[in-house]
Protein chains: 2
Amino acid sequence: MWTKKRVKAAVLFHALSDETRLDLLDRLKRGEQCVCELTEALQTGQSRLSFHLRVLKDAGLIHDRPEGRWMYYSLNREGLENLEDFIDELKRAIGCSGPSKQCE
Amino acid sequence: MWTKKRVKAAVLFHALSDETRLDLLDRLKRGEQCVCELTEALQTGQSRLSFHLRVLKDAGLIHDRPEGRWMYYSLNREGLENLEDFIDELKRAIGCSGPSKQCE
DNA sequence: ATGATACATCAATAATTATTGATCAATCAA
DNA sequence: TTGATTGATCAATAATTATTGATGTATCAT
């Protein structure tokens, strides 16, 4: 894994490294929702959620769609697929890296 | 995803959210290595790596095996499998959460 | 025993992230 | 137009993480 890919992976994982953000993703599994719905659901401040939604968006994990005065957020297929790639790479290494095992 | 699971996921993802730690995991894909080898490879301070190795270990992503005055680190199958579970759960949600789609 | 090596841990500091309470722009309803 | 609502963003602060250098504990070679 070269540097550039690693930077991207770190950003992705960082976005996933927070309980509030995992909670948000969980909610979005049910389909897109606006900030006000999420704020109501998580019972927390709006600016706090905006902050976390931005982190998720910057990482490519969610997508936003403005409509009127609402902003609807939803899971972003691409971001999640990216994530999957990173995991697969690690997974592939599991089989050959236990104690005293060598690969290639 | 309930709270307890989410906490664990956050810890796992946090461990993966740092370039140095991703670099370490990358090295360990080739098989177990001692701290001195990793320090030489990454060209950085020993206490710095000990810190990051501890984060990875606490997250269950790597395993350590003392031998003489060396400490050998290697990937931990379990931790990686845990990780996979979390990803799968997210992945499963991809198909039904795009804009204006609803699940269940 | 002495000295060197491998590594963990600690304390101090630096850097990064998160939270909170404004404020602002845009949209909409009356 | 006025006033209310949605949500982004900003500044200040708090909290968490990372880095560095120092110290301490084993282990090993001599």
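So you know, we letter chains A, B, ... as the sequences are listed, proteins then strands, and number each from 1.
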Original post:
Using a cut-off of 4.0 Å on non-hydrogen atoms, how would the nucleic acid contact of B:Tyr73 be classed: base, sugar-phosphate, or nothing?
Top reply: sugar-phosphate
Holding to side-chain hydrogen bond (donor to acceptor under 3.5 Å, both in side chains), I want the full list of residues that pass it with [X], two or more places apart in sequence or in another chain.
{"X": "B:Asp85", "result": "none"}
{"X": "B:Ser50", "result": "B:Gln46"}
{"X": "B:His52", "result": "B:Arg21"}
{"X": "A:Arg48", "result": "A:Thr20, A:Thr44"}

**OP:** With DNA chain D as reference, determine whether A:Phe51 or A:Trp70 sits nearer its 5' end, using the nearest nucleotide of each.
**Re:**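 The 5'-side residue here is A:Trp70.
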Original post:
Going by the salt bridge (Lys or Arg N to Asp or Glu O under 4.0 Å) test, which pairs reach into residues 3-12 of chain B, not counting sequence neighbours?
Top reply: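 For residues 3-12 of chain B, and leaving out neighbouring residues, the salt bridge (Lys or Arg N to Asp or Glu O under 4.0 Å) pairs sorted by first residue read A:Asp23-B:Arg6, A:Asp26-B:Arg6, B:Lys5-B:Glu89.
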Subject >> Pairs flagged by salt bridge (Lys or Arg N to Asp or Glu O under 4.0 Å) wherever residues 66-75 of chain B is involved - sequence neighbours left out >> reply: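 Residue pairs passing salt bridge (Lys or Arg N to Asp or Glu O under 4.0 Å), neighbours aside: B:Arg65-B:Glu67.
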Original post:
First and last nucleotide of DNA chain D in contact with chain A, 5' to 3', at under 4.0 Å to a heavy atom: what are they?
Top reply: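 Counting from the 5' end, contacts occupy D:dT5 to D:dT9.
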Subject >> Contact summary for A:Leu22 and B:Ala9, nearest pair of heavy atoms >> reply: CD1-CB, 3.7 Å
Original post:
Which hydrophobic side chains are connected to A:Val55, either touching it within the sub-4.5 Å cutoff or through other members that do?
Top reply: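 Via sub-4.5 Å side-chain contacts, A:Val55 links to A:Phe51.
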**OP:** List, by chain and then residue number, the residues other than A:Val7 in its hydrophobic cluster (Ile/Leu/Val/Met/Phe/Trp/Tyr, side-chain heavy atoms under 4.5 Å); write none if there are no others.
**Re:**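 So far as hydrophobic clustering goes, A:Val7 is joined with none.
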Original post:
On DNA chain C, nearest-nucleotide positions of B:Arg69 versus A:Glu67: which is more 5'?
Top reply: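 Closest to the 5' end, via its nearest nucleotide, is B:Arg69.
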Original post:
Which of residues 40-50 of chain B sit near DNA chain C, with a heavy atom under 4.0 Å from it?
Top reply: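 Contacts with DNA chain C under 4.0 Å: B:Gln46, B:Ser47, B:Ser50.
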**OP:** Just jot down the side chain to side chain contact (heavy atoms under 4.5 Å, CB included) partners of B:Glu37, sequence neighbours excluded, or say none.
**Re:**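 Residues passing side chain to side chain contact (heavy atoms under 4.5 Å, CB included) with B:Glu37: B:Gln33, B:Cys34, B:Tyr72.
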**OP:** Please work out which residues in residues 11-18 of chain A have a non-hydrogen atom less than 4.0 Å from an atom of DNA chain D and list them by number.
**Re:**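 Listed by number, there are none.
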